[in-house]
Asks: 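Below is a structure I'd like to ask you about.
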Amino acid sequence: AVPALLDRVRELEAERDAALSTIAKVEALHRPFEWSFGFGPVTSCKGCADQGVPQENASWPCPTVAALDVAPEPEVKP
């Protein structure tokens with residue numbers, strides 16, 4: 001019984017590691033950036049904006065980052 005449990009632990013650890021790797025890839029793509037188009041600055045998701053997502057869906061945090069609940073604070077540039 002113990003070997004089977006250890007095998008299951010290893011499987012779950014592999015699943016966890018794969019999930020964490022995927023989340024890291026999503027976080028690397030979905031980053032905040034600030035821009036302006038003649039109005040006040042707007043913070044958007046770089047990954048969404050690069051894919052042509054409309055601004056109303058690319059605002060920071062985007063739905064993808066909000067779903068992960070990992071939104072870092074946007075960088076404020078002086």
Side-chain angles (χ1 to χ4, degrees):
V2 172
L5 288 174
L6 291 174
D7 286 343
R8 183 63 181 141
V9 167
R10 286 186 203 96
E11 289 173 11
L12 291 172
E13 288 173 337
E15 288 178 26
R16 178 207 56 208
D17 293 346
L20 290 173
S21 175
T22 299
I23 290 169
K25 290 174 187 175
V26 170
E27 290 176 326
L29 290 173
H30 293 268
R31 306 297 306 165
F33 80 102
E34 192 172 273
W35 62 281
S36 178
F37 191 67
F39 302 101
V42 175
T43 303
S44 295
C45 173
K46 181 77 170 134
C48 290
D50 287 349
Q51 295 299 313
V53 173
Q55 173 54 38
E56 60 271 10
N57 295 328
S59 295
W60 188 257
C62 69
T64 301
V65 170
L68 292 176
D69 195 28
V70 294
E73 292 297 317
E75 294 179 25
V76 177
K77 296 181 180 164

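Values below: all heavy atoms of this structure, side chains included; hydrogens, waters and symmetry mates excluded. Small disclaimer: the values here were computed from a predicted structure and weren't measured. Residues: numbered from 1 along the sequence shown.
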Asks: Using the rule that Ile, Leu, Val, Met, Phe, Trp and Tyr join whenever any side-chain heavy atoms are under 4.5 Å apart, tell me whether L68 and L29 fall into a single cluster.
Replies: no
Asks: Less than 4.5 Å apart, any side-chain heavy atom of L12 and any of R16?
Replies: no
Asks: Residues two or more places apart in sequence or in another chain: which of them pass side chain to side chain donor-acceptor pair (under 3.5 Å) with E15?
Replies: none
Asks: Less than 4.5 Å apart, any side-chain heavy atom of S44 and any of W60?
Replies: no
Asks: Under 3.5 Å, is there a donor-acceptor pair between the side chain of S21 and the main chain of D17?
Replies: no
Asks: Identify the two heavy atoms, one from A49 and one from A58, that lie closest to each other, and give their separation to 0.1 Å.
Replies: N-CB, 4.3 Å
Asks: When rounded to the nearest 0.5 angstrom, what is the spacing between OG1 in T64 and CD in E27?
Replies: 12.0 Å
Asks: Between T43 and Q55, what is the shortest heavy-atom contact and its length?
Replies: O-NE2, 4.5 Å
Asks: What is the minimum heavy-atom distance between P61 and A66, and which atoms define it?
Replies: CB-N, 4.4 Å
Asks: Going by an N to O cut-off under 4.0 Å, is there a salt bridge joining E11 and R8?
Replies: yes
